Number of protein chains: 2
Amino acid sequence: MQTSLASHLPESARAALMPFEALPELDIQQLQHHMPVTQRKVKAGQYLYRAGQPFHALYLVHAGFLKTSELSEDGREQVTGFRMRGDLMGVETIGLKAHTCDAVALEDSVIWELPYPPVLDASLHIPELQLRLSSALAEEIRRDRSWMLTIGTLPAEQRVAAFLLDIASRLARLGFSARHFILRMGRADIASFLALKHETVTRALSHLEDIGYISVQRREVKLLDIPMLRSHAGMRAMLA
Amino acid sequence: MQTSLASHLPESARAALMPFEALPELDIQQLQHHMPVTQRKVKAGQYLYRAGQPFHALYLVHAGFLKTSELSEDGREQVTGFRMRGDLMGVETIGLKAHTCDAVALEDSVIWELPYPPVLDASLHIPELQLRLSSALAEEIRRDRSWMLTIGTLPAEQRVAAFLLDIASRLARLGFSARHFILRMGRADIASFLALKHETVTRALSHLEDIGYISVQRREVKLLDIPMLRSHAGMRAMLA
DNA sequence: CAGGGCTGTTGCAAACCGTTACGCGACGTT
DNA sequence: AACGTCGCGTAACGGTTTGCAACAGCCCTG
């Protein structure tokens, strides 16, 4: 019992489960009426912020690609996510005085900096902003939970498949090709994110290529059979 | 390089990294001036809410013990967390129309029900409530990230040790004993939460008992050597 | 009180993944 | 152009975790 699949849910419920609801984009123009919103450029390899640094702004990715990584007290490190255009960064720090994770640019990036106490004050006057902020926080939770499911229950190769589909679907939302893209991160970062070792990621990618689902050459990836990939990955990542 | 442990951080930063900042408790009395806050009783084994059900309230645990579990489209399930007095539930649903996870009571529980659109409106008028809400969201993210680190980098036995310390520290915050408590969940739930199998949890507990760190009898747990447990667990969970 | 189901425990064999090691190619520097 | 470095791919080995199976104890029910 209790094996109630999502397919058993009513149609309305399924729609509500879709992860990327159409939310109004953050309107930078409007925000600038309430606070100083500045642009920041971060070169590849540079930190946007580091754990321990004072927290004084949220960041909205305008262009580029970044990763965030968490460091435990005893030195274990794990990549907690990858961010691209439209993603809001730093929300996990709300309520604290200093950042709890590192944010590194994987390619030259352009970031909108939203000063933190002001942006919270502004949300008191702009209900739409408040909704956007709390939704972003909630989405972050859902994203993490989703990866807990992936990491916790899928074997290595399926995690890698799910990862590729996730990246592809996010690129597609931005208007890029979902079938052919360049990974901005190395094998080690993928491995850390998926709680694997880089060799295992390599093996998984090689095998996915052997069975004809993808084609890989260094960081260049082509998804040759998305339906098969999806079923292989437990259908976690949704992609048109 | 880049092995910057937290101990290298300035003192001010370390303080900000502490997970449980003193935040004002949610004042139910005050909230009732702005919206109808009702109490709900949930018996052991009953659902507080289920994935797919319409989302119309946040829930503040007043007494009892619950678990939340996520279900993927293909039927894989994972426990995403355990909730006790003072924990806010349902925040991951903000921005959606229906719940994305199940919440089940593991013992008879009493819950405050905070109707959702109203509580968001109220936070526009009560800045302190807004701060409390967004902090709760952010804390949830940090909690999940912390477990991603645990699950992603620690072997089975250390995960179990970290789990026991986490439960203990949360019980201690509520005034219960951190050294002697009754687990409210079965081995399977612990295993699911830690991304292990229930046999592995059993074996880990047995071994921790063999080496004298704890004592276990079915669901009754005594922590005999908390310092050793902590070092064993990679010092993740903090406990007095 | 007996029976049945659920939960927890333990042993053994097998699979998976991490570890270690090494080779290869691209890139940047001297 | 030679060199060193870094990222990536491959292979063999070993260890941890898992899966299977059998069993014991508790609780609920009849």
Side-chain angles (χ1 to χ4, degrees), chain A residues 1-3 43-45 65 67 76-79 104 106-107 150-164 182-211 214-221 232 234, chain B residues 1-2 43-45 67 76 78-79 104 106-108 150-164 182-211 214-222 232-234:
Chain A
M1 63 173 64
Q2 219 137 298
T3 57
K43 296 206 168 173
F65 200 94
K67 72 169 179 184
R76 289 173 292 118
E77 187 188 7
Q78 183 166 355
V79 173
V104 192
L106 295 177
E107 66 177 7
T150 301
I151 290 171
T153 61
L154 289 180
E157 187 174 313
Q158 304 188 23
R159 293 187 212 178
V160 173
F163 170 76
L164 292 178
I182 309 287
L183 293 173
R184 307 308 209 287
M185 75 297 287
R187 300 289 187 270
D189 282 335
I190 301 175
S192 173
F193 181 57
L194 298 176
L196 298 169
K197 295 298 168 191
H198 64 93
E199 294 92 334
T200 308
V201 172
T202 290
R203 275 192 285 257
L205 287 172
S206 299
H207 187 243
L208 287 174
E209 183 167 38
D210 289 345
I211 59 182
I214 67 174
S215 136
V216 193
Q217 274 178 32
R218 294 187 69 78
R219 299 195 176 185
E220 181 178 357
V221 176
H232 205 70
Chain B
M1 62 172 64
Q2 221 136 297
K43 297 208 165 172
K67 73 170 179 184
R76 288 173 294 116
Q78 183 165 357
V79 173
V104 192
L106 294 177
E107 65 177 6
D108 294 356
T150 302
I151 290 171
T153 61
L154 290 181
E157 189 174 311
Q158 303 188 25
R159 293 187 212 178
V160 173
F163 170 75
L164 291 177
I182 308 288
L183 293 173
R184 307 307 208 287
M185 75 297 286
R187 300 289 187 269
D189 283 335
I190 300 176
S192 173
F193 181 58
L194 297 176
L196 298 169
K197 298 298 168 193
H198 63 96
E199 296 98 326
T200 308
V201 172
T202 290
R203 281 188 271 259
L205 287 172
S206 299
H207 187 244
L208 287 173
E209 183 167 38
D210 289 345
I211 60 183
I214 67 174
S215 135
V216 194
Q217 274 178 32
R218 293 188 72 78
R219 300 195 176 185
E220 181 179 358
V221 176
K222 290 179 190 159
H232 204 72

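For clarity, every value in this text was computed on a predicted model and none was experimentally measured.
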query = For A/Ser206 and D/dT10, is the shortest distance between a side-chain N/O and OP1 or OP2 below 4.0 Å?
reply =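 So the side chain of A/Ser206 is within the cut-off, an N or O lying under 4.0 Å from OP1 or OP2 of D/dT10.
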task = Establish, with yes or no, whether the OP1 or OP2 oxygen of C/dG18 is under 4.0 angstrom from a side-chain nitrogen or oxygen of A/Thr200.
result =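 Yes, within the criterion.
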ask   = Given that A/Arg218 and A/Arg203 both sit by DNA chain D, which one's nearest nucleotide is further toward the 5' end?
value =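 With A/Arg218 and A/Arg203 compared, the 5'-side residue is A/Arg218.
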Rounded to the Å, how far apart are [X] [atom1] and [N] [atom2]?
X        : N      : atom1 : atom2 : value
B/His207 : C/dG11 : NE2   : P     : 13 Å
A/Ile190 : D/dC8  : CD1   : C1'   : 11 Å
B/Gln217 : D/dG25 : CD    : C1'   : 12 Å
A/Glu220 : D/dG7  : CD    : C1'   : 16 Å
B/Glu209 : C/dG8  : CD    : C1'   : 13 Å

Given [options], identify the nucleotide with an atom nearest to the side chain of [X].
X        : options                : answer
A/Lys197 : D/dT17, C/dT19, C/dG11 : C/dT19
B/His198 : C/dT9, C/dT10, C/dC17  : C/dT9
B/Glu199 : D/dG19, D/dG9, D/dT17  : D/dG19
A/Arg219 : D/dA11, D/dC8, C/dG8   : D/dC8
B/Leu196 : C/dT9, C/dC17, D/dT18  : D/dT18

ask   = Under 4.0 Å between a Lys/Arg side-chain N and an Asp/Glu carboxylate O for B/Asp189 and B/Lys67?
value =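 Counted as a salt bridge, because a side-chain N and a carboxylate O are separated by less than 4.0 Å.
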ask   = Would B/Asp210 and B/Leu208 count as a side-chain contact (heavy atoms from CB on, under 4.5 Å) if you check the C-alpha gap in whole Å, the side-chain angles of each, and the deciding distance to 0.1 Å?
value = CA-CA 5 Å; B/Asp210 289 345; B/Leu208 287 173; over 6 Å; no
inquiry  = Could you report the tightest heavy-atom contact between A/Thr200 and A/Ala156, atom names first, then the distance?
reply    =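 Of all heavy-atom pairs spanning A/Thr200 and A/Ala156, the closest is CG2-CB, 3.5 Å.
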ask   = Which atom names give the shortest non-hydrogen contact between A/Leu196 and A/Arg159, and what distance separates them?
value =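 Looks like CD2-NH1, 3.7 Å.
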inquiry  = Given 3.5 Å as the limit, does a donor-acceptor pair link the side chain of B/Ser192 with the main chain of B/Ala188, or not?
reply    =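 Judged by distance alone, no pair lies under 3.5 Å.
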request  = For A/Ala204, answer base if it contacts any base atom (sugar-phosphate contacts may also be present), sugar-phosphate if it contacts only those atoms, and nothing otherwise; contact means non-hydrogen atoms under 4.0 Å.
outcome  =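 No contact.
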query = A/Leu205 near the nucleic acid: base, sugar-phosphate alone, or nothing, with a heavy-atom cut-off under 4.0 Å?
reply =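 Since no nucleic acid heavy atom lies under 4.0 Å of A/Leu205, the category is nothing.
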message = Side chains of A/Gln158 and A/His232 only: does a donor on one sit below 3.5 Å from an acceptor on the other?
response =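 A/Gln158 vs A/His232: no donor-acceptor pair found between side chains.
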key: Closest-nucleotide 5' rank along DNA chain C - winner of B/Thr202 and A/Ala195   =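 Checking each residue's closest nucleotide, the 5'-ward one belongs to B/Thr202.
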task = Report yes if the side chains of A/Leu183 and A/Glu220 come closer than 4.5 Å at any heavy-atom pair, otherwise no.
result =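 No, every pair of side-chain atoms sits at 4.5 Å or beyond.
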task = Would you mind reading off the bend of the helix from C/dC1-D/dG30 to C/dT30-D/dA1 from its two end axes, five pairs each, to 10 degrees?
result =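 About 40°, once rounded to a multiple of 10°.
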